[in-house]
Amino acid sequence: MAFHKLGAQGICATIPDAATIPYFNTVPNYVMVNGARQYLYITTKKGVRQAMDGDLITLPAYNSILAGQGLYRSNPLPDNLVLDIDEVANVQNTTILYNNSIKNLAASFGYIVVDMYSFLGTLQKSYTIDGITLTAQFIQGGAFGLDGVHPNARGYAVIANRFIMAINN
């Protein structure tokens, strides 16, 4: 950190929880059949099984489901279209470890940390700024782009405001 030795100041951010972005929380892990939930069949590292609460189906799986994939054990969604509950736990635990490292390293240099992990979690409910309410809902939520991963212009502006608020504090 040569810049720090020269008196430079810094700011950094934690890593958001992947499960909070539309890419992983738009497509449900079930379809409705005659008014009842029918969980999709998914492929995991352990084999084929029905999806359960906590499994995340990726946004690209939508077209596969419309084409009938995942409706039967004989035609499950492939592993690359699913983040199963074990993978979700692994990603979340690893993210928390990285975020702790970011916070500790930033603190050792006196740098500000913007907690994007917590902030993007608030979008799961809603966040209102200047009378505009944003959520993590795909397209209609107003904060994320069409890939379901990256913020759109408004989302980036809100994130920039979080950095500005942190610097001003």
Side-chain angles (χ1 to χ4, degrees), residues 10-32 37-65 69-70 76-109 111-129 133-152 154-163 165-166 169:
I11 187 168
C12 57
T14 58
I15 302 167
D17 179 358
T20 64
I21 63 174
Y23 187 85
F24 290 111
N25 64 34
T26 297
V27 179
N29 58 8
Y30 61 88
V31 293
M32 296 301 287
R37 283 186 183 185
Q38 176 184 322
Y39 284 90
L40 298 168
Y41 286 93
I42 62 172
T43 305
T44 71
K45 304 285 186 271
K46 298 176 183 175
V48 174
R49 65 167 172 79
Q50 273 193 299
M52 62 176 107
D53 292 335
D55 291 326
L56 302 177
I57 309 300
T58 64
L59 194 55
Y62 181 74
N63 288 330
S64 298
I65 295 167
Q69 195 166 18
L77 288 172
D79 187 45
N80 67 328
L81 293 179
V82 175
L83 202 60
D84 69 55
I85 196 164
D86 293 333
E87 292 169 322
V88 170
N90 186 35
V91 168
Q92 289 176 330
N93 291 336
T94 302
T95 301
I96 289 167
L97 290 172
Y98 272 111
N99 284 341
N100 289 337
S101 293
I102 290 168
K103 290 174 187 176
N104 290 334
L105 187 58
S108 73
F109 290 101
Y111 291 172
I112 299 166
V113 177
V114 178
D115 189 357
M116 294 310 299
Y117 185 93
S118 296
F119 178 67
L120 263 67
T122 64
L123 285 178
Q124 289 303 102
K125 296 178 180 93
S126 68
Y127 177 78
T128 302
I129 183 167
T133 300
L134 303 173
T135 71
Q137 183 181 7
F138 185 57
I139 300 175
Q140 293 91 343
F144 285 90
L146 294 177
D147 67 357
V149 175
H150 299 92
N152 59 19
R154 183 173 284 148
Y156 277 122
V158 168
I159 291 168
N161 281 338
R162 300 303 289 192
F163 277 80
M165 288 177 0
N169 286 336

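Worth knowing before you read on, the calculation uses all heavy atoms, side chains too, and leaves out hydrogens, waters and symmetry mates. Because the structure is a prediction, the values reported are computed rather than measured.
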If you take all heavy atoms of [X] and [Y], which pair is closest and at what distance?
{"X": "D55", "Y": "I85", "result": "OD1-N, 2.7 Å"}
{"X": "G54", "Y": "V88", "result": "O-CG2, 3.6 Å"}
{"X": "P16", "Y": "L120", "result": "CB-CD2, 3.8 Å"}
{"X": "I21", "Y": "V149", "result": "CD1-CA, 4.0 Å"}
{"X": "A106", "Y": "C12", "result": "CB-SG, 3.6 Å"}

Is [X] reaching over with its side chain to a backbone N or O of [Y], donor-acceptor style, under 3.5 angstrom?
{"X": "N25", "Y": "T20", "result": "yes"}
{"X": "T26", "Y": "L59", "result": "no"}
{"X": "N29", "Y": "M52", "result": "yes"}
{"X": "N152", "Y": "G142", "result": "yes"}
{"X": "T14", "Y": "M116", "result": "yes"}
{"X": "Q92", "Y": "A89", "result": "no"}
{"X": "Q69", "Y": "P76", "result": "yes"}
{"X": "N104", "Y": "N100", "result": "yes"}

[X] vs [Y] side-chain heavy atoms within contact, under 4.5 Å:
{"X": "V158", "Y": "I129", "value": "yes"}
{"X": "F119", "Y": "V114", "value": "no"}
{"X": "M32", "Y": "Q38", "value": "no"}
{"X": "V82", "Y": "T43", "value": "no"}
{"X": "Y39", "Y": "D53", "value": "yes"}
{"X": "K46", "Y": "D84", "value": "no"}

About how many Å separate [atom2] of [Y] and [atom1] of [X], when rounded to the nearest 0.5 Å?
{"X": "E87", "Y": "T44", "atom1": "CD", "atom2": "OG1", "result": "7.5 Å"}
{"X": "I112", "Y": "F163", "atom1": "CD1", "atom2": "CZ", "result": "10.0 Å"}
{"X": "L40", "Y": "I65", "atom1": "CG", "atom2": "CD1", "result": "4.5 Å"}

*For S101, enumerate each residue passing the side-chain hydrogen bond (donor to acceptor under 3.5 Å, both in side chains) test, keeping only those at least two apart in sequence or located in another chain.*
none

_With a 6.0 Å cut-off (strictly less than), is the heavy-atom count around CG of L146, excluding the residue itself, greater than 12?_
no

*Taking everything shown except R154 itself, do over 12 heavy atoms lie less than 6.0 Å from its CZ?*
no

*Which one of I15, T95, I102 satisfies the side-chain contact (heavy atoms from CB on, under 4.5 Å) criterion with Y117?*
T95

*In sequence, state the C-alpha distance, the side-chain angles, and the governing distance for H150 and Y156, and then conclude on side-chain contact (heavy atoms from CB on, under 4.5 Å).*
CA-CA 9 Å; H150 299 92; Y156 277 122; 3.9 Å; yes

*Report the C-alpha distance between Q50 and I42 in whole Å, list the side-chain angles of each, state the deciding distance to 0.1 Å, and finish with yes or no for side-chain contact (heavy atoms from CB on, under 4.5 Å).*
CA-CA 6 Å; Q50 273 193 299; I42 62 172; over 6 Å; no

*How would you list, by chain and number, every residue that makes a side-chain contact (heavy atoms from CB on, under 4.5 Å) with T58, sequence neighbours excluded?*
Y23, F24, P60, A61, L81

